[in-house]
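We use all heavy atoms of the structure for the numbers below, so side chains are in, but hydrogens, waters and symmetry mates are not.
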Amino acid sequence: MSLKKINTVLAAAFILFILWFGTEFILSPETTAPTFGLPNWPSGDGGGFLIVKGIRDVVMALVLGILLVTGHRRALGWALLVESLAAYGDMTTVLAHHGSVTTAFGVHCLTATLMVVNGLLMLRETRKVAAAPATPAPQPA
């Protein structure tokens with residue numbers, strides 16, 4: 001399988017996963033929130049932040065999806081690298097609030113790291129290789 005196909009499949013998987021997870025946070029935050037890894041449900045009006053997280057995820061997935069569909073593969077590589085910071089941030093949030101270490105590393109850190117790998121592979125796939133000169137350079141006499 002070519003690097004381009006691998007990158008496309010990985011990127012599409014990330015897009016669908018992030019879109020699904022974000023939509024779940026918007027539609028049913030009370031059932032999805034425990035899977036995030038935090039130990040407690042937000043108090044007061046804190047539940048609204050879960051919907052904000054869902055909206056963030058949906059927007060991130062749409063950005064990646066638009067770049068993939070329009071063929072802007074190099075930009076997609078950079079976007080994957082940048083968007084991985086959100087997943088690393090989620091991991092840090094879970095750990096800082098005494099949440100599930102297993103979820104922090106097994107879900108958030110793993111997702112972020114795989115996004116970095118996919119982003120780097122995408123940048124490698126799209127790098128420009130310097131072409132050899134058509135005519136040899138003149139040699140000094």
ask   = Which residues satisfy the side-chain contact (heavy atoms from CB on, under 4.5 Å) test with Thr31, sequence neighbours excluded?
value = Ser28
message = If I take atom NZ from residue Lys4 and atom OG1 from residue Thr126, how far apart are they, to the nearest 0.5 angstrom?
response = 10.5 Å
Show me the side-chain donor-acceptor pairs of residues 59-67 shorter than 3.5 Å, one per line, residues at least two apart or across chains.
none

With a cut-off of 3.5 Å and sequence neighbours excluded, list every side-chain donor-acceptor pair involving residues 10-27.
unit_1	atom_1	unit_2	atom_2	d
Thr23	OG1	Leu19	O	2.7

key: Within residues 70-79 or reaching into it, pairs that qualify as salt bridge (charged side-chain N to carboxylate O under 4.0 Å, His left out) - sequence neighbours excluded   = Arg73-Glu125
inquiry  = Return the NE2 to CE distance between His72 and Met122, rounded to the nearest 0.5 Å.
reply    = 13.0 Å
key: Residues in side-chain hydrogen bond (donor to acceptor under 3.5 Å, both in side chains) contact with Thr103, at least two apart in sequence or another chain   = Ser100
Exercise answer: donor-acceptor pairs, residues 49-57 side-chain atoms, under 3.5 Å, sequence neighbours excluded:
unit_1	atom_1	unit_2	atom_2	d
Lys53	NZ	Asp57	OD1	3.4
Lys53	NZ	Asp57	OD2	2.4
Arg56	NH1	Asp90	OD1	3.2
Arg56	NH2	Asp90	OD1	3.3
Arg56	NH2	Asp90	OD2	2.7

task = Identify the two heavy atoms, one from His108 and one from Ala87, that lie closest to each other, and give their separation to 0.1 Å.
result = CB-O, 3.5 Å
task = Using modelled atom types only, decide if a donor and an acceptor are shared between the side chain of Thr32 and the backbone of Pro29 within a distance under 3.5 Å.
result = no
query = Under 4.5 Å between any side-chain heavy atoms of Leu120 and Arg124, yes or no?
reply = no
task = For Arg127 and Leu123, run side chain to side chain contact (heavy atoms under 4.5 Å, CB included): C-alpha distance rounded to whole Å, both residues' side-chain angles, the deciding distance at 0.1 Å, then the answer.
result = CA-CA 6 Å; Arg127 74 175 180 228; Leu123 291 175; over 6 Å; no
task = Quick one: which residue pairs count as a ring-ring contact (aromatic ring centres under 6.0 Å, His included) with a foot in residues 76-105, not counting sequence neighbours?
result = none
request  = For residues Val116 and Leu80, determine if any side-chain heavy atom of one lies less than 4.5 Å from a side-chain heavy atom of the other.
outcome  = no
ask   = What closest approach, in Å, do Val94 and Ala104 show between heavy atoms, and which atom pair accounts for it?
value = CG1-CB, 3.9 Å
Whichever hydrophobic residues join Leu85 through chains of side-chain contacts under 4.5 Å = none
key: Partners passing side-chain hydrogen bond (donor to acceptor under 3.5 Å, both in side chains) against Ser2 (at least two apart in sequence or in another chain)   = none
query = Taking all non-hydrogen atoms of both residues, which atom of Pro39 and which atom of Gly99 are closest, and how far apart?
reply = CD-CA, 3.6 Å
key: With sequence neighbours excluded, residues passing side-chain hydrogen bond (donor to acceptor under 3.5 Å, both in side chains) with Thr102   = none
request  = Run through the side-chain heavy atoms of Ile, Leu, Val, Met, Phe, Trp and Tyr, join any pair under 4.5 Å, and report what else lands in Leu121's cluster.
outcome  = Leu3, Val117
